[in-house]
There are 2 protein chains.
Amino acid sequence: MSWMRTYQHPDLATVTIEHALHALSDPVRLDIVRQLDREIEASCAALDGGRPKSSMSHHFRVLRAAGLVHTRIAGVQHMNTLRREEVDKRFPGLLDAVLGVKG
Amino acid sequence: MSWMRTYQHPDLATVTIEHALHALSDPVRLDIVRQLDREIEASCAALDGGRPKSSMSHHFRVLRAAGLVHTRIAGVQHMNTLRREEVDKRFPGLLDAVLGVKG
DNA sequence: CCTATAGTTCGATTATATTCGTACTATCAT
DNA sequence: ATGATAGTACGAATATAATCGAACTATAGG
């Protein structure tokens, strides 16, 4: 069984709007995305709200599969970024709308 | 047990973005919303894609609960409209972004 | 009143997601 | 090497959602 040293990130062209909307519709994941929108780059641990690692790992996997988040391995940490430009190109205005909502 | 003669439509202020995104993330419902965006008003039957009535009823209920669709009873038909202005006010740019995507 | 039509409700089934403990791996520092 | 740290993989439990048949209701028309 092989282990990962890099992540697979899908081409945004292969991501459907339904897929992206589903990924964004979970409160934990939306919270991650909101933080990444401000933080530029953050480790997984920096974004858990005291939640178990295995739960967070699941949510990051979903966000990556939906083309929303990029994860890069930096030593012992996995650093995450929003794929802003690519998502904006594929779904113009979507992140602006989603992230612009208050309360 | 009482029966309905009118529908309950939530105040958009009580609808969260997560709720709206979830409602939009289902392909059947997104299809309904896309059609309503063009059709102005349509009966439930006009929007099923040959799907069972009970399935459609479920999806319309979800769309109403998310504040996206308004249903008015007109005789034997239930006419649906997109709550465009209200949704646009609550979630500016969201419907534009979601409906603007091709493929 | 009888029948057809449009849609809901109920209930069961199946499918999909979430949560999280445990075991594991990779990297870094000592 | 040992230990600590960050995160994944697996597996199982639980929760949430989708699907759809069958029974039902309300309205309209003959």
Side-chain angles (χ1 to χ4, degrees), chain A residues 1-9 15-16 18-33 35-36 39 41-66 68-81, chain B residues 1-9 15-16 18-33 35-36 39 41-66 68-81:
Chain A
M1 189 185 293
S2 74
W3 213 253
M4 45 176 13
R5 51 208 71 231
T6 60
Y7 283 97
Q8 273 287 115
H9 295 102
V15 176
T16 63
E18 291 95 329
H19 197 168
L21 292 171
H22 171 257
L24 291 167
S25 72
D26 180 272
V28 177
R29 289 192 293 264
L30 184 52
D31 197 56
I32 293 172
V33 169
Q35 292 189 69
L36 285 179
E39 308 282 335
E41 191 176 41
S43 68
C44 298
L47 297 170
D48 65 15
R51 288 168 219 276
K53 287 136 71 94
S54 50
S55 297
M56 296 309 287
S57 194
H58 162 72
H59 288 301
F60 279 110
R61 170 200 292 271
V62 172
L63 287 169
R64 278 190 301 265
L68 299 173
V69 165
H70 180 274
T71 307
R72 141 185 102 82
I73 299 186
V76 83
Q77 298 191 123
H78 297 202
M79 302 303 290
N80 304 282
T81 51
Chain B
M1 191 182 292
S2 72
W3 213 255
M4 45 178 10
R5 52 207 72 231
T6 61
Y7 284 97
Q8 273 285 115
H9 294 103
V15 176
T16 64
E18 291 94 328
H19 197 167
L21 292 171
H22 171 259
L24 291 168
S25 72
D26 179 272
V28 177
R29 289 192 294 264
L30 185 52
D31 197 56
I32 292 172
V33 169
Q35 293 190 69
L36 285 178
E39 306 283 336
E41 190 175 42
S43 68
C44 298
L47 297 171
D48 65 15
R51 287 168 219 278
K53 286 135 73 90
S54 50
S55 298
M56 295 311 286
S57 195
H58 162 70
H59 288 301
F60 280 109
R61 171 199 290 272
V62 172
L63 287 170
R64 278 191 301 265
L68 299 174
V69 165
H70 180 275
T71 307
R72 140 185 104 82
I73 299 187
V76 83
Q77 299 191 121
H78 298 201
M79 301 303 289
N80 303 281
T81 51

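By convention in this document, chain letters (A, B, ...) are assigned in the order of the sequence lines, proteins followed by strands, and residues within each chain are numbered from 1.
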Within the pair [X] and [N], is there a side-chain N or O less than 4.0 Å away from OP1 or OP2?
{"X": "B:His59", "N": "D:dT19", "value": "yes"}
{"X": "A:Arg64", "N": "D:dT8", "value": "yes"}
{"X": "A:His58", "N": "C:dT18", "value": "yes"}
{"X": "B:Arg61", "N": "C:dT9", "value": "yes"}

Determine yes or no for a side-chain-to-main-chain donor-acceptor pair under 3.5 angstrom, with [X] supplying the side chain and [Y] the backbone.
{"X": "B:Ser57", "Y": "B:Ser54", "value": "no"}
{"X": "B:Arg51", "Y": "B:Met56", "value": "no"}
{"X": "B:Asn80", "Y": "B:Thr71", "value": "no"}

Do the rings of A:His78 and A:Tyr7 sit parallel, tilted or perpendicular, given the 30° and 60° boundaries? perpendicular
From the options [options], select the nucleotide whose nearest atom is closest to the side chain of [X].
{"X": "B:Ser55", "options": "D:dT19, C:dT9, C:dT18", "answer": "D:dT19"}
{"X": "B:Ser54", "options": "D:dT8, D:dA22, C:dA6", "answer": "D:dA22"}
{"X": "B:Val76", "options": "C:dA26, D:dA18, C:dT5", "answer": "C:dT5"}
{"X": "B:Val62", "options": "C:dG7, D:dA18, C:dT18", "answer": "D:dA18"}
{"X": "A:Tyr7", "options": "C:dT9, D:dA9, D:dG7", "answer": "D:dG7"}

If I compare all heavy atoms of [X] with all of [Y], which pair ends up nearest, and what's the gap?
{"X": "B:Leu68", "Y": "B:Ala20", "answer": "CD1-O, 4.2 Å"}
{"X": "B:Leu24", "Y": "B:Leu30", "answer": "O-CB, 3.6 Å"}
{"X": "B:Val28", "Y": "B:His59", "answer": "CG1-CD2, 3.6 Å"}

Take the protein atom [atom1] of [X] and the nucleotide atom [atom2] of [N], then report the distance between them rounded to whole Å.
{"X": "B:Gln77", "N": "C:dA4", "atom1": "CD", "atom2": "P", "value": "18 Å"}
{"X": "A:Phe60", "N": "D:dG7", "atom1": "CZ", "atom2": "P", "value": "8 Å"}
{"X": "B:His78", "N": "C:dT8", "atom1": "NE2", "atom2": "C1'", "value": "8 Å"}
{"X": "A:Lys53", "N": "D:dA4", "atom1": "NZ", "atom2": "C1'", "value": "11 Å"}
{"X": "A:Met56", "N": "D:dC10", "atom1": "CE", "atom2": "C1'", "value": "19 Å"}
{"X": "A:His22", "N": "D:dT16", "atom1": "NE2", "atom2": "C1'", "value": "10 Å"}
{"X": "A:Met79", "N": "C:dT27", "atom1": "CE", "atom2": "P", "value": "17 Å"}
{"X": "A:Leu63", "N": "C:dA17", "atom1": "CG", "atom2": "P", "value": "14 Å"}

Before you tell me yes or no, could you show the steps for A:Asp31 and A:Gln35 under side-chain contact (heavy atoms from CB on, under 4.5 Å), namely the whole-Å CA-CA distance, both residues' side-chain angles and the distance that decides it to 0.1 Å? CA-CA 6 Å; A:Asp31 197 56; A:Gln35 292 189 69; 3.2 Å; yes
Output the residues of residues 23-32 of chain B in contact with DNA chain C, where contact means a heavy atom of the residue under 4.0 Å from an atom of the strand; sort by number or write none. none
Residues touching DNA chain D, which here means a heavy atom under 4.0 Å, drawn from residues 44-52 of chain A: A:Cys44, A:Ala45
Could you go step by step and tell me if B:His70 and B:Glu41 meet the side-chain contact (heavy atoms from CB on, under 4.5 Å) rule? CA-CA 10 Å; B:His70 180 275; B:Glu41 190 175 42; over 6 Å; no
Kindly write out the residues that satisfy ring-ring contact (aromatic ring centres under 6.0 Å, His included) with B:His19, not counting sequence neighbours, or none if the list is empty. none
